[in-house]
Amino acid sequence: MITDITAAREAALSEIDAARTPDEIATLSSRLTGKKGALAQLKTRLGSLDSIDEKKAAGAAINEALAAVAEALDARRAELGAEALARRVESERLDLTEFVGKPTRGHAHLVTQALERLEDVFIGLGFQIAEGPEVETDWHNFEALNMGAGHPARGEFDTLFVDHVTPDGKVGTTLLRTHTSPVQIRTMIDQEPPIYIVAPGRVFRRDTPDATHMPVFHQIEGLVIDRDISMADLAGTIEAFTKAFFGPGFTSRLRPSYFPFTEPSAEFDIQRPDGGWIELGGCGMVHPNVLRAGGLDPEAWSGFAFGFGIDRMAKERHGVEDIRDMYTNDIRFLEQFS
Ligand code: FA5
């Protein structure tokens with residue numbers, strides 16, 4: 001009997017040792033320790049033993065064998081569980097230690113750099129920074145700038161309009177601003193003159209993208225309102241800005257032009273040291289109707305305004321051939337301007 005018990009015990013232990021997965025252990029566990037297991041079957045034979053001592057010894061040997069089997073099952077289960085966990089961790093591991101060369105440091109986008117430098121230069125010339133919303137009312141973007149309903153100049157500023165009913169039941173028109181000029185109106189309404197501000201920001205037009213146009217781009221607006229401001233102040237400011245921003249080798253000129261919100265109006269260009277001219281933007285003396293819309297008396301106050309495209313200026317300054325390159329986010333292009 002003892003020999004049979006020892007044999008059953010050894011057989012069970014070697015089966016446990018040979019198990020390769022936690023599932024196999026589960027199956028073995030119910031087979032080896034269950035009622036139909038070899039050791040449990042041996043228990044049923046105890047009654048056939050002759051002496052009480054033999055029964056005692058065999059019973060103790062079976063219990064001992066069952067305890068050893070249970071212990072071996074626990075140990076092998078823990079071992080296989082740990083191995084399975086280690087395999088899973090290994091297969092799901094995120095390699096956070098991958099070597100990517102020397103650490104890279106980001107930098108501001110070309111247009112952001114230009115915008116920040118423009119702000120610095122104008123602050124240096126005594127201007128303050130003003131801001132206006134990108135979503136404007138028709139009144140601020142057109143009406144107050146001397147472009148009433150049906151004004152032909154509106155055709156050049158096509159954008160996205162949103163009709164809505166205002167809380168007091170009137171039909172209002174909201175739009176994505178087509179230029180930074182509405183900030184002129186907001187500043188005149190909010191601030192007592194003298195006013196010396198620049199207002200950089202994003203603007204929107206229904207322009208098809210090409211080498212010099214984007215439907216979303218950036219402008220910087222300038223507005224000066226004071227007593228006895230003349231066209232000479234405008235020309236002098238543009239010249240001082242040109243030299244401060246581009247360098248002493250650059251100069252500027254004004255060419256007659258037309259904008260509904262300035263009278264007289266001009267385009268301003270800058271000349272590179274190599275003699276070539278770059279067109280920057282528009283400017284002029286603030287139209288009396290615009291001063292009135294801003295709540296100012298044109299007899300008492302006068303002023304000038306200018307506005308130009310920041311993207312186009314950055315494009316010219318850095319010799320970028322196509323303005324769209326600045327917005328495709330190709331890292332090989334962008335990292336040239338750190
Ligand atoms: C204006 O927007 C006037 N508000 C400027 C102004 C302000 C005149 C104050 C007088 C007084 P214009 O439509 O020309 O003007 O645009 C000004 C500049 O924005 C252009 O010279 C150009 O540099 C830039 N620009 C215009 N359209 C685009 C576009 N689709 N993509 C990129 N830049 C553009």
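One-based numbering, in listed order, for ligands and for the atoms of each.
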Looking only at heavy atoms of Phe304, does any of them come nearer than 4.0 Å to an atom of ligand 1? no
Check ion pair Asp4-Arg45 (N to O, under 4.0 angstrom): yes
Could you tell me whether some N/O pair between His213 and ligand 1 is separated by less than 3.5 angstrom? no
May I ask you to decide whether Arg88 forms a salt bridge with Glu92, counting only side-chain N to carboxylate O separations under 4.0 Å? yes
Here the atoms of ligand 1 under 4.0 Å from any heavy atom belonging to Gly307 are 5 (C), 6 (C), 7 (C), 9 (C)
Check the pair Thr178 / Asn141 against side-chain hydrogen bond (donor to acceptor under 3.5 Å, both in side chains), numbers first and verdict last. CA-CA 7 Å; Thr178 57; Asn141 196 83; 3.0 Å; yes
For Cys283, the atoms of ligand 1 under 4.0 Å from one of its heavy atoms are 8 (C), 10 (C), 11 (C)
contact_flag Asp311 ligand 1 heavy-atom lt 4.0 Å: no
Taking salt bridge (charged side-chain N to carboxylate O under 4.0 Å, His left out) as the criterion, tell me which of Arg177, Arg202, Arg186 meets it with Glu136. Arg186
Proximity flag Thr212 to ligand 1, non-hydrogen atoms under 4.0 Å: yes
Give the atoms of ligand 1, by number and element, whose distance to some non-hydrogen atom of Gln184 is under 4.0 Å. 9 (C)
Suppose I only count heavy atoms of Gly281 and a 4.0 Å limit; which atoms of ligand 1 are within that range? 21 (O)
Do Arg255 and Glu279 meet the salt-bridge criterion of a basic N to acidic O distance under 4.0 Å? yes
Identify, by atom number and element, the atoms of ligand 1 in contact range of Ser181, meaning under 4.0 Å from any of its heavy atoms. 4 (N), 7 (C)
